[in-house]
K.L.:
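Okay, handing you the structure first.
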Amino acid sequence: MQDNNLTNGNNKVNGEEPIIRLEHVSKIFSSKEQDVEALSDISLDIEKGDIFGIIGMSGAGKSTLVRCLNFLERPTSGDVFIEGRSLSAMSTKELRKERVEISMIFQNFNLLMQRNVIDNVCFPMEINKVDRKVARKKAERLLEEVGLLEKAKMYPSQLSGGQKQRVAIARALANDPKVLLCDEATSALDPKTTKEVLELLKDINQKHGITIVIITHAMNVVQEICNKVAIIDHGKLAETGNVLDVFANPKSDAALKLMLNQGAGTVARMKGGKLIRIVFTKNSSYEPVVANMVLKFLSPVNIMRADTRDIGGTAQGQMVLQLPEDEELSLQMIDFLKEHGLEVQILSSMADFEKYEGEE
């Protein structure tokens, strides 16, 4: 499957340039042994105020892509535009100035271990020669915003992983960036702390209007916080769109793989026919549609996978069902599900489902 509605990189919303626009970005790493194409012809728009997720399996090229967004990694071909300004056309000095408005946070926090918390937050302002008293006052305000003012004089070694990431977020906000890039920023955190950090990022987006780009391999992170998503597969853009739309009706194999590769494990299968994926929305989540279908047709189905998510405040669930072998009966069941407001996708085969499930 391939999405035929990928952005061409030249769209405007309400007459405004996207805050980030990628045009045909490719990146090749060369060595004596071989050339490795990490990114291939990626065009993508990120609008001002988005919380934009970039997701893919390990080795898909996500981290290379995020480093291309601020030219820490210069593309082999193509260009990146920030509010319509070409990064490739900028001098080294102009790029340094532009990067002040594009902050990054990382999986390993990148804090200065020899400096205490407040000095870590002050560090970017120190580099930009902000008055020390002004910088310290701003750092205190930022630490209060991330809930760590009482830890101001502690050192990173005295903090938990979640606290370190909060310090890193406060530091990233020190120079009032327009864009915050998060490269696997929650990968080293436990689920509870991950949720807290994502809530903090969502609050920052709403309070400051900062555009946030989240690089992750975890679909639940995208579903928790992002309004838009791009799926990267082997260095290529497989699909992009609103998170709800991509969840409900993935058009690419890569997207479907990510949807199915989450949640509970499978159960023992019966002898059966078609495999289908159904998606529940807020209008259908509370009706026993599958149970009613079984009662209506007096035939069991096998639930291969089921999970429920909150996506942008909307309850969304998915199930993978194995239908009876009888072709006519299976088609009647599919029609029943559609009539009750469920999105239904027919999976090509059991082998494909096992392939999606087995890949990490």
K.L.:
Closest heavy-atom contact between E239 and A255?
P.N.:
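Taking every non-hydrogen atom into account, OE1-CB, 3.3 Å.
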
K.L.:
For H234, I'd like to know if atom NE2 has over 12 heavy atoms of other residues, nucleotides or ligands within 6.0 Å.
P.N.:
no

K.L.:
Quick one: pull up CG in L87 and CZ in R21 and give me the separation to the nearest 0.5 Å.
P.N.:
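One finds 11.0 Å between CG of L87 and CZ of R21.
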
K.L.:
At their closest point, which heavy atom of L142 faces which heavy atom of A174, and how far apart are they?
P.N.:
CD1-CA, 3.7 Å

K.L.:
Against I232, only a single residue in I42, T240, L44 fulfils side-chain contact (heavy atoms from CB on, under 4.5 Å); can you say which?
P.N.:
I42

K.L.:
Enter the distance from L256:CG to L347:CG here, rounded to the nearest 0.5 Å.
P.N.:
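The CG atom of L256 sits 6.0 Å away from the CG atom of L347.
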
K.L.:
Is S330 reaching over with its side chain to a backbone N or O of D326, donor-acceptor style, under 3.5 angstrom?
P.N.:
yes

K.L.:
Could you pull out the closest heavy-atom pair between L201 and C182, with the gap in Å?
P.N.:
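The pair with the smallest heavy-atom distance is CD1-SG, 4.2 Å.
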
K.L.:
Flag yes if V294 and I276 sit in one hydrophobic cluster, no otherwise; membership is Ile, Leu, Val, Met, Phe, Trp, Tyr, and two members link when side-chain heavy atoms are under 4.5 Å apart.
P.N.:
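In one cluster: yes.
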
K.L.:
Under 6.0 Å from the NZ atom of K236, do we count more than 12 heavy atoms belonging to anything else shown?
P.N.:
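Open: at most 12 neighbouring heavy atoms sit under 6.0 Å from NZ of K236.
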
K.L.:
Between S26 and D41, does the side-chain hydrogen bond (donor to acceptor under 3.5 Å, both in side chains) criterion hold? Intermediate values first, please.
P.N.:
CA-CA 5 Å; S26 296; D41 195 29; 5.3 Å; no

K.L.:
Under the salt bridge (charged side-chain N to carboxylate O under 4.0 Å, His left out) rule, what do E140 and K138 come out as? Steps first, then yes or no, please.
P.N.:
CA-CA 5 Å; E140 289 174 350; K138 185 174 184 178; over 6 Å; no

K.L.:
State the CZ-CD1 distance between R99 and I82, to the nearest 0.5 angstrom.
P.N.:
11.0 Å

K.L.:
Pair K274, E327 - check salt bridge (charged side-chain N to carboxylate O under 4.0 Å, His left out), show working.
P.N.:
CA-CA 8 Å; K274 288 184 184 297; E327 180 75 13; 3.2 Å; yes

K.L.:
Is I127 reachable from V130 through a run of hydrophobic residues whose side-chain heavy atoms are each under 4.5 Å from the next?
P.N.:
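In one cluster: no.
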
K.L.:
Could you tell me whether the side chain of R166 and the main chain of V146 form a donor-acceptor pair under 3.5 Å?
P.N.:
yes

K.L.:
Crowded around E328 CD? As in, over 12 foreign heavy atoms under 6.0 Å?
P.N.:
no

K.L.:
Is the Lys NZ or Arg CZ of R277 less than 6.0 Å from the centre of F247's six-membered ring, within 45° of the axis?
P.N.:
yes

K.L.:
Would you say that H340 contacts M293 through its side chain, given a criterion of any heavy-atom pair below 4.5 Å between the two side chains?
P.N.:
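SC-SC contact between H340 and M293 ruled out.
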
K.L.:
Can you list the steps and then say if I169 with E145 is a side-chain contact (heavy atoms from CB on, under 4.5 Å)?
P.N.:
CA-CA 10 Å; I169 291 170; E145 185 171 346; over 6 Å; no

K.L.:
Looking only at non-hydrogen atoms, find the nearest pair between S160 and Q163 and report the distance.
P.N.:
N-OE1, 2.9 Å

K.L.:
Tell me, do I215 and L181 make a side-chain contact under 4.5 Å, heavy atoms counted?
P.N.:
no

K.L.:
Would you check if the side chain of T211 reaches a backbone N or O of G49 as a donor-acceptor pair within less than 3.5 Å?
P.N.:
yes

K.L.:
Backbone N or O of G84 within a donor-acceptor pair of the E17 side chain at under 3.5 Å?
P.N.:
no

K.L.:
Rounded to the nearest 0.5 Å, what's the gap from CG on L173 to CZ on R171? Could you check?
P.N.:
11.0 Å

K.L.:
With a cut-off of 6.0 Å (strictly less than), are more than 12 heavy atoms of other residues, nucleotides or ligands near CZ of R115?
P.N.:
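Yes.
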
K.L.:
Show the numbers, then the answer: is there a side-chain contact (heavy atoms from CB on, under 4.5 Å) between D183 and I105?
P.N.:
CA-CA 6 Å; D183 189 7; I105 58 174; over 6 Å; no

K.L.:
I'd like to know if the side chain of K62 reaches the main chain of M57, judged simply by a donor and an acceptor atom lying under 3.5 Å from each other, with no hydrogens or angles considered.
P.N.:
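Here the side-chain-to-backbone pair exists.
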
K.L.:
Please round to the nearest 0.5 Å and tell me the distance separating atom CG of L39 and atom SG of C68.
P.N.:
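The SG atom of C68 is 5.5 Å from CG of L39, to the nearest 0.5 Å.
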
K.L.:
When rounded to the nearest 0.5 angstrom, what is the spacing between OG1 in T64 and CD in E37?
P.N.:
11.5 Å

K.L.:
Can you check whether K27 reaches P75 side chain to side chain, under 4.5 Å on heavy atoms?
P.N.:
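When only atoms from C-beta onward are counted, P75 and K27 do not touch, as no gap falls below 4.5 Å.
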
K.L.:
Which heavy-atom pair separates P156 from N120 by the least distance, and what is that distance?
P.N.:
CG-ND2, 3.9 Å

K.L.:
For the residue pair N242 and N227, confirm or rule out a side-chain donor-acceptor distance under 3.5 Å.
P.N.:
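The criterion, which ignores hydrogens and geometry beyond distance, is not satisfied for N227 and N242.
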
K.L.:
Kindly say whether V66 contributes a backbone atom to a donor-acceptor pair with the side chain of E73 at under 3.5 angstrom?
P.N.:
no

K.L.:
Can you list the steps and then say if E98 with F71 is a side-chain contact (heavy atoms from CB on, under 4.5 Å)?
P.N.:
CA-CA 10 Å; E98 192 68 36; F71 264 43; over 6 Å; no

K.L.:
Counting C-beta onward and ignoring hydrogens, is there a side-chain heavy-atom pair between R96 and K93 closer than 4.5 Å?
P.N.:
yes

K.L.:
Report yes or no: do S86 and D79 form a side-chain donor-acceptor pair below 3.5 Å?
P.N.:
yes

K.L.:
Please tell me whether L159 and L200 are part of a single hydrophobic cluster in this structure, the criterion being side-chain heavy atoms less than 4.5 Å apart.
P.N.:
yes

K.L.:
Are side-chain heavy atoms of M219 and Q223 found at a separation under 4.5 Å?
P.N.:
yes

K.L.:
Does N302 reach the main-chain N or O of M304 with its side chain, forming a donor-acceptor pair under 3.5 Å?
P.N.:
no

K.L.:
Keeping T76 on the side-chain end and I28 on the backbone end, is there a donor-acceptor pair under 3.5 Å?
P.N.:
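Yes; at least one donor-acceptor contact below 3.5 Å.
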
K.L.:
Are V222 and I214 side-chain neighbours, meaning at least one heavy-atom pair lies under 4.5 Å?
P.N.:
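Side chain of V222 against side chain of I214, heavy atoms only: no contact under 4.5 Å found.
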
K.L.:
Would you mind reporting whether L180 and V213 have side-chain heavy atoms less than 4.5 Å apart?
P.N.:
no

K.L.:
Whether the side chain of Q165 engages the backbone of G162 through a donor-acceptor N/O pair (distance < 3.5 Å, no angle test) should be reported.
P.N.:
no

K.L.:
If you take all heavy atoms of R67 and N70, which pair is closest and at what distance?
P.N.:
O-OD1, 3.0 Å

K.L.:
Quick one: does S30's side chain have a donor or acceptor within less than 3.5 Å of a partner on D35's backbone?
P.N.:
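Judged by distance alone, no pair lies under 3.5 Å.
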
K.L.:
Near E144 CD, under 6.0 Å, is it more than 12 heavy atoms from other residues, nucleotides or ligands?
P.N.:
no

K.L.:
Step by step, would you call D45 with K228 a salt bridge (charged side-chain N to carboxylate O under 4.0 Å, His left out)?
P.N.:
CA-CA 10 Å; D45 290 348; K228 295 178 185 174; over 6 Å; no

K.L.:
In terms of hydrophobic clusters joined by side-chain contacts under 4.5 Å, are I346 and L337 together?
P.N.:
yes

K.L.:
Going by heavy atoms in the side chains, are M125 and N175 under 4.5 Å from each other?
P.N.:
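Sidechains of N175 and M125: in contact.
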
K.L.:
Are T186 and L198 close enough, and set up right, to give a side-chain contact (heavy atoms from CB on, under 4.5 Å), and what steps lead you there?
P.N.:
CA-CA 8 Å; T186 59; L198 293 178; 4.1 Å; yes

K.L.:
Under a single-linkage definition using a 4.5 Å side-chain heavy-atom cutoff for Ile, Leu, Val, Met, Phe, Trp and Tyr, are L95 and L65 assigned to the same hydrophobic cluster?
P.N.:
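The answer is yes; both residues are in one hydrophobic cluster.
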
